[in-house]
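In this text, all values refer to a predicted model and were calculated from it rather than measured experimentally. The analysis underlying the following values was restricted to heavy atoms, covering all of them including side chains, and did not include hydrogens, waters or symmetry mates.
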Amino acid sequence: MAAALENELEVDNEDYYSLLNVRKEQKRANVQSYLSRTANRRPAIKATQEELKSSYRRLCMLYHPDKHRDPELKRQAEQLFTYVHQAYEVLSDPQSRAIYDIFGKKGLEVEGWEVVERKRTPAEIREEYERLQRERDERRLQQRTNPKGTISVGIDATDLFDRYEEDFEDVPGGGFPHIEINRMHISQSIEAPLTTSDTAVLSGSLSTHNGNGGGNINLCVRRVTSARGWGELEFGAGDIRGPLFGMKVFRNVTARCFVTAQWGLQFSSRGVRPSATTMMARHLDQNTMGYLQWRWGSQSAMTTSIVRDTKTSHFTLALQLGVPHSYLMMSYQYKFQDEDQTKVKGSIKTGFFGTVVEYGAERKISRHSVLAATVSIGVPQGVSLKIRLNRASQTYLFPIHLTDQILPSAVFYATVGPLAIYLAVQKLIIMPYVRSQKEQELEKQKEDSASEIARRKQEAEAAVLLMQESVKRIIDAEESKMGLLILNAWYGKFVSDNSQKRERAKVIDVTVPLQCLVKDSKLILTEASKAGLPGFYDPCVGEEKSLKLLYQFRGAMHQVLSGDTEPLRIPKQYQEFKPRLQMNHLNPRQL
């Protein structure tokens, strides 16, 4: 039930706060963020009972059915009057308002739900929602498998750079470089929740390298013992390493420190090979973690590392002493604050095996996909290019070995090649595809909400008719004292002169509704979508909208442009004391 309400929040176009033009405590765009923000912050200023009553009385005088003799106007006034009364009843009652703030209008329509108990406070209502949310998560847990997979294809392209003429003298077509796939790896895992605290994970993998391959299958059972720890048992079998039995535990020692320990027994034809690993981690500060790991077995080692992760960067420093490898590694990643979540990174690793320098970048190319490329230059490894594509929970890896030597040409093509290909694919394939998907989603959204838009448009037109007499009185009163007059006002999507010719403005005239909201030579709009104001409706669902108006105050004309959800107050405070400020008249044809 809670899940259904959460899904409805995004399509609930009826905003009681916008209708009454009063302040709102929090936006309801995301329930989880609402709860998290309200948990640890000062209470936001919200509409008082006096403000609600004042707005309600004003709209009641405007829409009261007894003020209209025409049968059609009277019928429309009754509908709008009922809607205003419903909005006031909800927002004036603390319990109903709390439900509406969390669940929206759909939450008020649910009958027999604990959350609508009248004697509960807003804090108790939020606690009730969190309980229902946990129950919903448990039901989802029973149905979730959370599949994860990795496909790796190793490519040997050394023939592109490490070529010798004698290799091609007697081979037909030897002038063409030979590129081959020399290794592949496929792994997949799924989760099967057994209870709310027990989970089974089944995983398997297949690998091949230069004609030789094998595979293995593993079963892991994990139990969450408390809020501070969990443990798991692992069973495995394969045609390479043989049966495997392992155990792992995790424990939060303090709020800033945790430890993990792992033991394993690997059975093979050569006997039993035991292994053990333990790690301790501690928060050094808000963004820095320190790790100390000890590993015993076929590759024993002691490793210590420091990881600092901030909003704009990620830094790692690690030192390992062990058999057969000891090394020192340092890496840095810079995170750009853009919508594509672009990251550039570089690292250096040196040890008994040699030295490796890596640099690369990653970027989000769609809603669920991330593309990354890394160039690796090492001695004696040579030059390699690694391409990674993450699509949801699936990972695709393409390590390409270019040369066994450090050749400037290999480094150049490994760096410039992927960048040029990405820019071409981004411009010719990805951007048109994403644009097409957005247009299709927008069209589907418009089709699904067509009946709702038609209803809201009819209500808005009816409201404008009912406002005519009140607006005449307001204009007369404002003219007598050289007050605030709304000359022209439009709401919707505006088109600039340099936009595409096929694109056209999608706006509605809202001069009358805004003049009707003028009180004491002031127009004040709260921070909410203006589509919910009396006499307004959404002329372009899913697109960015704004309000453009031309007004006269104390004989001077002014022009203002306001975003859809931005608060607006006119005249500006300095205009109340500045008697004259002339501006050019805005021509509607310029839109």
Side-chain angles (χ1 to χ4, degrees), residues 12-24 47 49-93 96-97 100 104-106 108-109 449-479 484-486 488-492 507-520 522-526 528-539 541 547 549:
D12 187 3
N13 294 323
E14 298 182 350
D15 190 341
Y16 290 159
Y17 289 96
S18 181
L19 175 67
L20 299 180
N21 193 27
V22 293
R23 290 171 295 180
K24 186 177 183 180
Q49 291 293 333
E50 290 73 18
E51 292 173 335
L52 287 171
K53 287 181 181 179
S54 175
S55 179
Y56 173 63
R57 289 171 180 171
R58 188 175 186 184
L59 291 176
C60 284
M61 294 177 60
L62 182 65
Y63 296 142
H64 201 286
D66 295 343
K67 297 183 61 178
H68 306 279
R69 298 182 179 180
D70 183 89
E72 180 63 22
L73 289 179
K74 189 178 184 69
R75 183 187 64 81
Q76 294 172 348
E78 288 176 351
Q79 294 178 352
L80 294 172
F81 183 82
T82 302
Y83 185 29
V84 170
H85 181 69
Q86 182 184 23
Y88 175 72
E89 280 192 333
V90 170
L91 298 186
S92 60
D93 181 76
S96 298
R97 185 172 182 174
Y100 178 77
K105 186 180 177 182
K106 294 294 180 181
L108 301 169
E109 297 174 356
S449 58
S451 59
E452 175 68 14
I453 295 175
R455 182 183 69 83
R456 296 299 301 273
K457 179 179 179 181
Q458 184 178 5
E459 290 181 354
E461 292 173 348
V464 171
L465 291 176
L466 298 173
M467 293 175 183
Q468 296 295 336
E469 294 185 5
S470 297
V471 167
K472 291 179 181 178
R473 292 195 298 268
I474 294 174
I475 290 177
D476 293 340
E478 294 296 326
E479 285 181 341
L484 178 61
L485 296 175
I486 307 298
N488 287 300
W490 301 272
Y491 171 71
V507 298
I508 58 175
D509 189 341
V510 290
T511 306
V512 172
L514 288 182
Q515 186 68 66
C516 191
L517 292 174
V518 173
K519 182 179 180 182
D520 298 330
K522 295 178 183 179
L523 173 64
I524 300 176
L525 303 181
T526 59
S529 176
K530 296 173 177 60
L533 291 170
F536 281 63
Y537 70 93
D538 192 343
V541 176
L547 174 66
L549 59 89

message: Exactly one of Ile486, Val464, Ile508 should register a side chain to side chain contact (heavy atoms under 4.5 Å, CB included) with Pro513. Which one does?
response: Val464
Minimum heavy-atom distance Asp538-Ile453, with the two atoms named: O-CG2, 4.0 Å
query: Going from CG on Leu80 to CD on Glu459, what distance comes out if it is rounded to the nearest 0.5 angstrom?
result: 6.0 Å
task: Please assess Leu533 against Val510 for the test side chain to side chain contact (heavy atoms under 4.5 Å, CB included), listing each intermediate value before the final yes or no.
output: CA-CA 10 Å; Leu533 291 170; Val510 290; over 6 Å; no
query: Taking C-beta and beyond as the side chain, do Val512 and Gln468 meet within less than 4.5 Å on heavy atoms?
result: yes
task: Hey, could you give me the NZ/CD1 distance between Lys519 and Ile524, rounded to the nearest 0.5 Å?
output: 9.5 Å
query: So with a 6.0 Å cut-off around CZ of Arg57, is the heavy-atom count from everything else above 12?
result: no
message: Among Val471, Thr511, Leu523, Leu59, which residue satisfies the side chain to side chain contact (heavy atoms under 4.5 Å, CB included) criterion with Cys516?
response: Val471
- request: Find the distance between OG (Ser92) and OH (Tyr16) and round it off to the nearest 0.5 Å.
  value: 11.5 Å
query: If you measure only the distance, is there a donor-acceptor pair under 3.5 Å linking the side chains of Arg473 and Ser470?
result: yes
Arg58 versus Val518, closest heavy-atom pair with distance: NH2-O, 2.7 Å
query: Taking all non-hydrogen atoms of both residues, which atom of Gly492 and which atom of Pro539 are closest, and how far apart?
result: CA-CG, 3.8 Å
- prompt: So do Leu485 and Ile475 actually touch side chain to side chain, heavy atoms under 4.5 Å?
  reply: yes
task: May I ask you to decide if the ring planes of His85 and Tyr56 are parallel, tilted or perpendicular, using 30° and 60° as cut-offs?
output: tilted
- request: State, to 0.1 Å, how close Ala489 and Asp509 come at their nearest heavy-atom pair, and which atoms those are.
  value: O-OD1, 3.2 Å
- prompt: Rounded to the nearest 0.5 Å, how far apart are CD of Gln515 and CG of Leu549?
  reply: 10.5 Å
query: Does the side chain to side chain contact (heavy atoms under 4.5 Å, CB included) test come out yes or no for Phe536 and Arg456, once each step is laid out?
result: CA-CA 8 Å; Phe536 281 63; Arg456 296 299 301 273; over 6 Å; no
- request: Flag yes if more than 12 heavy atoms outside Glu461 fall under 6.0 Å of its CD atom; otherwise flag no.
  value: yes
query: More than 12 non-hydrogen atoms from neighbouring residues, nucleotides or ligands closer than 6.0 Å to CD on Glu469, yes or no?
result: no
query: Can you tell if the side chain of Gln458 reaches within under 4.5 Å of the side chain of Tyr537, non-hydrogen atoms only?
result: no
Heavy-atom closest contact (Trp490 atom, Leu547 atom, distance): O-CD1, 3.3 Å
